[in-house]
Structure formats: structure tokens, C-alpha cells
A.B. asks: 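Dropping a structure here in C-alpha cells format, bear with me for questions.
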There are 2 protein chains.
Amino acid sequence: MQENHEFSRIERAPAYRLVYDAIERQILAGRLRVGDPLPAEIQLADQFGVNRSTVREGIRLLEQSGLVERDGGKRPRISVPHYLDLASSASRALILHSVTFRELWEASMVLEPAIAEHAARHIDQSGLDELLGNLTAMQAEVVSIEGGKPADVLAFVGLDREFHEILAKVGGNRVLALAHEPVTSLFIPTGQVILPRLKTYRRVLDAHRYIFDCLAAKDHAGARSWMHKHMDDFRRAYELTALSLDAPLDAVSLSMSEATPSMRSR
Amino acid sequence: MQENHEFSRIERAPAYRLVYDAIERQILAGRLRVGDPLPAEIQLADQFGVNRSTVREGIRLLEQSGLVERDGGKRPRISVPHYLDLASSASRALILHSVTFRELWEASMVLEPAIAEHAARHIDQSGLDELLGNLTAMQAEVVSIEGGKPADVLAFVGLDREFHEILAKVGGNRVLALAHEPVTSLFIPTGQVILPRLKTYRRVLDAHRYIFDCLAAKDHAGARSWMHKHMDDFRRAYELTALSLDAPLDAVSLSMSEATPSMRSR
DNA sequence: AACAGTCCGTTTGTCGGACAATTGCAGATA
DNA sequence: TATCTGCAATTGTCCGACAAACGGACTGTT
């Protein structure tokens, strides 16, 4: 006969994690505010009753989760995790999970047209100016390439990415922008492979221009529709390069995207 | 006249971050494979030529980024970041950025119908069974509530969330699932507030049932359409509770109701 | 008064060493 | 063979120490 005592699982988290949890709660509860410097390690150690080394390990967890930011040798400050950090983690995770191009493309067929539509509804003059700057830069690239110069693929895909990121930004919906960011990140290395082979530079530029025209005219249906075409083009190009839609994006893609430095500068 | 020397920013990363970078590269390059135990700290310290404490701080960074997993007191292992970890970071970030309910809802109007459509295209019998189990459990809840019992709101929203997560899973698109997860997470606390006030339990159940019927019939257009209605319902309910669409989601929603564990218990 | 240079306390980054608790494993035992 | 036992390896935590960098006060110059 057995006792029917039910013991709940004993959780014995290491002290450094408890430190992390405690500080995280203080931040989320607003008792430690964004921008404030973190208390000195030795003070935290005293308050928690643990060693400074233990506190430091807890702070590393905070640091990696984006809640604490060290700006040079200065005092670390409380901060809010930035989108781009999250997005790059997400991209890395997706690659490690062997996500296929098809999944990526399907997601972009959902997200990108919606983002274009949102952008058309909310864009203002400064957003249009920003897009226009991007378009003229890309135009210059295309003219240069068609003039016989060797294509600066890296610069081109950078502009491509920038166009889509501006769109996500001016839409004013940060949830969509966050969801969209990893998709863009993962498209970039693919674009680097496809563009030099198929030389569809002008085709990309034209698509961006059509979308821009719709945005300027506040034609959200048109923006959505053109973006849809633009994305579908990308899939066709991918297939034309004899790459399988269902092959996982391999680690090579990641190493290439790592080469492009984080856009987060300050 | 100015010299046009361009000095690139000097980056002086601390040693523990270099340790992190080095190990991360080894993992991404596949030289450290998922599931393998991490080399012993002292060995890493020897190889890198730094102190063990420094290595430990680097490992904390890996741990928080999900690349290393400690399973109880055992040797930490290489792992791939799991979706749910990323999603919870994303949710937290969105709340800290004071995202509004409107943004959340707009994103869900994009993602959820698309996910429902995908699910209708790809669902198999086991997925249907899983959904059916969820539906019957929710049905039991609703019957119990309508019978006069006090509503177990927590259990109900848990089932609600489960329904949507199953949908995202059976759709087979991990990019969409990942994008979807934070949205679901953030809807939950909102649901907890709305449901007891408006008592729309049966309405939710009915919507889920309609969606299920469409999935069973592989009617992807119907699934999309019903999900669209379901989401729109949610917005209306939100408005009926006199909450503003454009107020930021309160940080209270996120705060885990958990007492501060004692650090000195040792 | 505005400005630059200097000094000093504080804080972080890193080191070395130490020890208890736990895990994994190999050898001993029934 | 299956189980127990003891040892080595490893992690978590502590202690103490010191160089380097930062912030701020103080001083001297124009």
C-alpha cells in the first residue's frame, strides 16, 4: 500500500538565477527604471547575501536578455530589450531548427503584404522621404550595375532590407514589425545568393517603386497587391536557382548574415 | 579643412563576452553539436587562457541565450533555443515598449486567420484529435459555468490559448508559429480580464467549434473567415469593457505572482 | 569666469585559490 | 547479473586581491 502524499517537484535554482529573477522582477515592477544605473555589484551582493561573483553571474543573464546594457566600461544601465536583438536571436533559432525556405516564404507572404497595407494607411511625409532616399540609392546601384560595373551585392541587399524595414517601421505596429524582422534577416543571405545569379536587380527596384507609388497615393490595396507580387517573385527566383523550397536554410546562410554588422548603432 | 581619416569605433569587449562569442561560433559551426555536454569550465579556462570565473560568466550568457541548457545539477549541454523562451522574451519586450492593444489586435488579425488557413491545409487526424480533446474540455467548463458554478477563468483562458497553439503547431510553419506565440501570450492576461466581465464563454467555444468544423472539412477559406470573426469578436469585447484600444498593455499583466524566494536558505 | 589638467575614491573586470555538494563511473560485492 | 560503494570530476559558491577605467572634486592658468 502506498502513501498518496503528492510531493511537488523540488526546484533548486542556483543562486545566480535567483539574483536574476529578483532583479528582473524589480525592473518589470518599475522599481528599477529604464535608464537608471544598476546598483553596484558589491551592494547587490550585500543585499542578497551572496558573493559578488554570484551577483555578477546573475547580471550576465540580465545582460544577455537585454534588460541590462553595458555601454563601454561604464556602469551598466537598466534598458528595454531592443527589437533587433530579439530578432537576431529568433533568426538564429530558426536556422538551428532547420527551418525551410518554404516556411520562411509562407510567413513572408502573410506578413509583408499586411505590413505594406499598414504602411499605406499610416505613412507620413517623412516616411515617404525616407523611402525615396532608399529608392534613389537603389536606382543608382542598378544604373551602375547595368553600366557594366561589378555588382555590389552586399550594398544592394542592404538597401533591399532597408526598404522593407522602413515599411515595417512606418506602419506603426511594433508587434508586426517584430514578427517581420527575423523573416527579413533570413531573406538577406538568400538574396545574396540569388541576385548575382539571376541579375534581377531592376526587377526588385521596379517592385519597390510600384509599392512606393501606392504608398504615396495611400492606395493600401495596391500596396498589398504589389507586395504580394514582389514576394511571389522572390519565390520564383529561388526556384529558378534550382534550390529546393523544402531544404532547410543551412548554417552557411547564418554565417553570411553574421558578416553584416548589427544595425544597432548608437 | 578636415582630415578625412575615418576611425572605426574601437571595440573593447570584455573577456567573458569573447568567451561567449567563441563558444557560440563553435556551436553555430557545428563543431559543438546539440546534445553534447559543454567542456568542463576548467578546461575551457585553460584553452582560452582566462580564469574560470570569466568562463563562467561567458557560460551565463550562453545559458540565457538558450544555446546551453543546464538540466538540474548535471553537466550543461549544448541546445537549440526553444520557441517558448524566445516568445516569452518577445512578450516581455513588447510590454516594456508599451505596445497597445490595438497593435496586438492588428497583428493577430494578420496572423491568426493565416494560421487557421495553414492549419486547414495541413492538419491530420492526430491534430484533429488533439483539438477535439481541447474542445470537449472547454465544453465541460462552459457547461459547468452555465450550471452556476464559479467560473475557473484561469483554466478557461488556458484552454483558449491551447486551442490557438495547437492550430499554430499543426500548420507546420514554425516561422508563423514563432511570430504567433507572443501575440497569444499577451492576449491571455487580457482575456482574463474580459471574460469574467462579459461572460462570453459560450461565444468563444462556439467560435472554436466552427473553426474546428472547417478544419475537419479542409475548408481553409472557412477556417480563415471564422478565425477572422473570432478575433474581431475579441476586439469588440475589449471595447465593451471600456478599455481603450490605444492604452498600453499594463505591466501588471506580465508580473508573475510569485513571492521573492529567500536567498539565504542554505 | 571659462577652461584644462590632476588627483582620488568607486566600480568593474579579472585573477587565484578554496571547499561543499552532486554526478558519473568503475570496481567491489551479493 | 544486478546492486552497492567509493572515488574522481565538475559545478556552485565563497573569499580576497588588484589593475584599469570612470566620475567627480579640486587646482591652476588664461
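Lettering of chains follows the sequences in order, A, B, ..., and the numbering in each one begins at 1. Please read all numbers here as calculations on a predicted model, not as lab measurements.
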A.B. asks: For D:dT11, does either OP1 or OP2 sit under 4.0 Å from a side-chain N or O belonging to A:Arg17?
C.D. replies: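 The answer is no; no side-chain N or O of A:Arg17 sits under 4.0 Å from OP1 or OP2.
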A.B. asks: Can you pull the ring-ring contact (aromatic ring centres under 6.0 Å, His included) pairs that have at least one residue in residues 17-72 of chain B, sequence neighbours excluded?
C.D. replies: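 Applying ring-ring contact (aromatic ring centres under 6.0 Å, His included) to every pair that reaches into residues 17-72 of chain B, excluding sequence neighbours, yields nothing.
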A.B. asks: Got a sec? Which of residues 36-55 of chain B come in under 4.0 Å of DNA chain C, heavy atoms?
C.D. replies: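 B:Gly49, B:Val50, B:Asn51, B:Arg52, B:Thr54 - these, ordered by number, are the residues of the stretch whose heavy atoms sit under 4.0 Å from the strand.
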A.B. asks: To the nearest 0.5 angstrom, please state how far the CG atom of B:Leu67 sits from the CD atom of A:Gln64.
C.D. replies: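 Output value for this atom pair is 8.5 Å.
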A.B. asks: Measure CZ/A:Arg70 against C1'/D:dC22 and give the value in whole Å, please.
C.D. replies: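 In whole Å, D:dC22 C1' and A:Arg70 CZ are 15 Å from each other.
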A.B. asks: Test: ring-ring contact (aromatic ring centres under 6.0 Å, His included). Region: residues 166-196 of chain B. Which pairs qualify, not counting sequence neighbours?
C.D. replies: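 Only B:Phe101-B:Phe187, B:Phe187-B:Phe234 qualify under ring-ring contact (aromatic ring centres under 6.0 Å, His included).
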A.B. asks: Quickly work out the B:Arg75 CZ to C:dA21 C1' distance and round it to whole Å.
C.D. replies: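 To the nearest whole Å, that distance equals 16 Å.
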A.B. asks: Strictly below 4.0 Å: does B:Arg56 bring a side-chain N or O up to OP1 or OP2 of D:dG12?
C.D. replies: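 Looking at the OP1 and OP2 atoms of D:dG12, one of them is under 4.0 Å from a side-chain N or O of B:Arg56.
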A.B. asks: Rounding to an integer number of Å, can you tell me how far A:Glu57 CD sits from D:dT11 P?
C.D. replies: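 Taking CD of A:Glu57 and P of D:dT11, I get 12 Å after rounding.
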A.B. asks: Is the shortest distance from a Lys or Arg side-chain nitrogen in A:Glu181 or A:Arg161 to a carboxylate oxygen in the other one below 4.0 Å?
C.D. replies: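 Yes.
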A.B. asks: What is the distance, to the nearest angstrom, from the OH atom on B:Tyr20 to the P atom on C:dG13?
C.D. replies: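 Going from OH in B:Tyr20 over to P in C:dG13 covers 17 Å.
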A.B. asks: Does any part of the side chain of B:Val68, heavy atoms only, come nearer than 4.5 Å to the side chain of B:Ser79, both counted from C-beta?
C.D. replies: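 Result no, sub-4.5 Å side-chain heavy-atom pair not found.
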A.B. asks: Taking atom C1' of C:dT12 as reference, at what distance in whole Å does atom CD of A:Glu69 sit?
C.D. replies: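 Atom CD in A:Glu69 sits about 17 Å away from atom C1' in C:dT12.
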A.B. asks: Report the distance from atom CG of A:Leu62 to atom P of C:dT12, rounded to the nearest whole Å.
C.D. replies: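 From A:Leu62 CG to C:dT12 P: 13 Å.
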A.B. asks: May I have the distance from A:Tyr16 (atom OH) to D:dC14 (atom P), rounded to whole angstrom?
C.D. replies: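 Rounded to whole Å, this separation is 13 Å.
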A.B. asks: Looking at A:Arg60 and A:Glu63, does any basic side-chain N land under 4.0 Å from a carboxylate oxygen?
C.D. replies: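 Salt bridge flag = yes for A:Glu63 with A:Arg60.
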A.B. asks: When you measure from the side chain of A:Pro76, which nucleotide among D:dT11, C:dT12, C:dT14 comes out closest?
C.D. replies: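 In terms of side-chain proximity for A:Pro76, the closest of D:dT11, C:dT12, C:dT14 is C:dT12.
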